[in-house]
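Order of appearance sets the numbers: ligands from 1, and atoms from 1 within every ligand.
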Amino acid sequence: MPKLILAYSGGLDTTTAIKWLTVEQGYDVVALNIDVGKSREQPVVESRGMAAGAVKVRIIDAREDFVRYFAFPALAAGALYQDTYPLATALARPLMAKLLVDVAHEEHASAVAHGCTGKGNDQVRFDVGIMTLDPSLQIVAPTRENAMAREVQIDYLRKHGIDIPWGDKGPFSIDENIWGRSAEAGVLEDPWQEPPPEAYEWTRSPEEAPAEPAYLEIAYQHGLPISIGGQAMEPVAMVEYLNDLGGRYGVGRIDHIEDRLVGIKSREIYEAPAATILHQAHRALEAMTLSKQQIRLKKLIATEYAELIYNGLWFSGHHQDIAAYVASTQRHVTGAIRLRLQRGQATVVSRKADESLYDRGLATYDASDTYDQSAAVGFINIWGLQTRVQARTQLLGELPETLKIAMPGREA
Ligand code: ARG
C-alpha cells in the first residue's frame, strides 16, 4: 500500500482520518504528532494513533524550533495580524508542513495529509507550504473532502472496533500551542455576545487577577528576549514562564473579528500572555533604539510580514527579503524593559538601552539642557514655509462643512 504521513493531533478528526485514509483510501498511515506545546491530547497520541490503525506513530518535540525560528522572528518583526493577533496558529503551520515533508522523505511516502476543513486558513498554510517544499507529494485533506459530523465520526470508529471515550465536544473549537490559544465557534459566533468565562483557559479574568501588581524585567539582545529579572532563560522556558505569570495576572486576552484569507470574517478569542507581554516590551525597546523613520517603515513591514504569515506564504522570497530587513533593524535593539502586571493589564513602566537614542541632555527642562532653543526659530521659519505659500494663493473659498470653523479660509 502507498504510504502517507498524516499530521496527527490525537483528536477525533485526525483519529477518524487515520481509519478513513487506511480503509477508504488504501494508505499505510504514519501518524506524525508535532508537539508545539500545550496540546491536551499529547499523552494519548501514541495509543490512540495505534488503536486507529496507524502503521506507526511518530512524535516530534518541535517546541524549541517553533519558538526560536517562528515565534521569536515574528516577535522581532512586530508581526501582529490586523494589529491584534500574535499569529500562534499561523506560525505553527509552516513548521508542521516542513516536518511533514521531511518525514515523508525519510519514510519514502508518496502522500501527506492534514485535518483542516475547507473553510479556514490552515488548509492554505499546509497546502501551500507542502506544495512549495515538495510539489511531487500528494496532499490529502480528509476533513475537507469528506466532512463527517462528530457523531458520525464516533460511530464510524466504533464500527471499526475503535471505542475511545471522546467525552464532551466542548463548547468551542480550540487550537493551541505555546505561542497562544484560540477559541472559535459556539456562542462566540454571535459577535454581540460577550465571551463567557469558559472561553478562557490560560488567563484569569481581570477581576480574579491579583490587585497587587507584579513587576517584571525583560532584557532583549538584538530584538530577542534573553533574560527575565537578570536570569538568562531559554526561549521555551521563557515563553512558558510568561504565559503562566501573565495568565495569573489576566494579561493577554484578545477578542477579535478577523478576516480570513478565504473571505470569511470570524470571531476569535485568543489568549497569548507571553506574546502580548513580549511584543509590548519589544515595541517599547524599539521606541528607545530606533529612529522615527525606522519605526515608521518597520511598522509597514511588520504589517506586510503578518499578512504573509497569516496567508500561508512563509516559504517565499518575499519572506526572505523581509527577514533581511528585520534583522538589520534589530542591530541595536538591545536593552531592558520593566513592566507592571495588574488586573489584566501589562504596562511598560521603565526602559533602558546602552545604545539608546534617548538623550536626556536634549530632553531635559533643567539647567543641564544641551539643546539650542534659539535654533528652533530658523527651523520653524523653513518648516512653515510651505503652508505660508499655500495660504497666499490656495486656502481660499469654499470649504467642506467640517472645516468652516476648524480652518477658516480667507474670503475669495
Ligand atoms: N484564526 C486563527 C488563524 O487562522 C486561528 C485558527 C485556529 N483554529 C481553531 N480551530 N480555533 O490563525
Legend entry - Residue and atom name of the nearest protein heavy atom (relative to atom 10 (N) of ligand 1), distance in Å to one decimal: Ser173 OG, 2.7 Å
Inset, instruction - Among all protein heavy atoms, pick the one closest to atom 7 (C) of ligand 1 and tell me residue, atom and distance. - result: Ser182 OG, 3.2 Å
Inset, instruction - Say whether Tyr81 and ligand 1 are in contact under the criterion: heavy-atom distance to a ligand atom below 4.0 Å. - result: no
Legend entry - Distance from atom 1 (N) of ligand 1 to nearest protein heavy atom, with residue and atom: Glu258 OE2, 2.8 Å
Legend entry - Proximity flag Tyr270 to ligand 1, non-hydrogen atoms under 4.0 Å: yes
Inset, instruction - May I ask you to list the atoms of ligand 1 that are less than 4.0 angstrom from any heavy atom of Tyr85? - result: 2 (C), 3 (C), 5 (C), 12 (O)
Legend entry - Any donor-acceptor pair under 3.5 Å from Gln138 side chain to Val112 backbone: no
Legend entry - Mutual orientation of the aromatic rings belonging to Tyr310 and Tyr81 [parallel < 30°, tilted 30-60°, perpendicular > 60°]: parallel
Inset, instruction - Verify whether the ring centers belonging to Tyr85 and His256 lie closer than 6.0 Å. - result: no
Legend entry - Cation-pi check, Lys38 onto Trp202 ring (under 6.0 Å, within 45° of axis): yes
Legend entry - Parallel, tilted or perpendicular: rings of Phe379 and Trp383 (30°, 60°): parallel
Legend entry - Per-residue contact class, Arg125 against ligand 1 - non-hydrogen pairs under 4.0 Å: side chain
Inset, instruction - Examine the proximity of ligand 1 to Asp175 and report which part, side chain or backbone, both or neither, has a heavy atom under 4.0 Å away. - result: both
Inset, instruction - Using non-hydrogen atoms of the residue, decide whether Glu176 is closer than 4.0 angstrom to ligand 1. - result: no
Inset, instruction - Please say whether Thr89 places an N or O atom under 3.5 Å from an N or O atom belonging to ligand 1. - result: no
Inset, instruction - Determine the interplanar angle of the Trp314 and His319 rings, folded into 0 to 90°, and report it as parallel if under 30°, tilted if 30 to 60°, perpendicular if over 60°. - result: perpendicular
Inset, instruction - Give the residue, atom name and distance (to 0.1 Å) of the protein heavy atom nearest atom 4 (O) of ligand 1. - result: Asn121 ND2, 2.8 Å
Inset, instruction - Verify, without hydrogens or angle tests, whether Thr364 (side chain) and Asp369 (backbone) share a donor-acceptor contact under 3.5 angstrom. - result: no
Inset, instruction - Just let me know how Arg260 lines up against ligand 1, side chain, backbone, both or neither, with a heavy-atom cut-off below 4.0 Å. - result: neither
Legend entry - Pi-cation contact, Tyr200 with Arg253 (under 6.0 Å, within 45°): yes
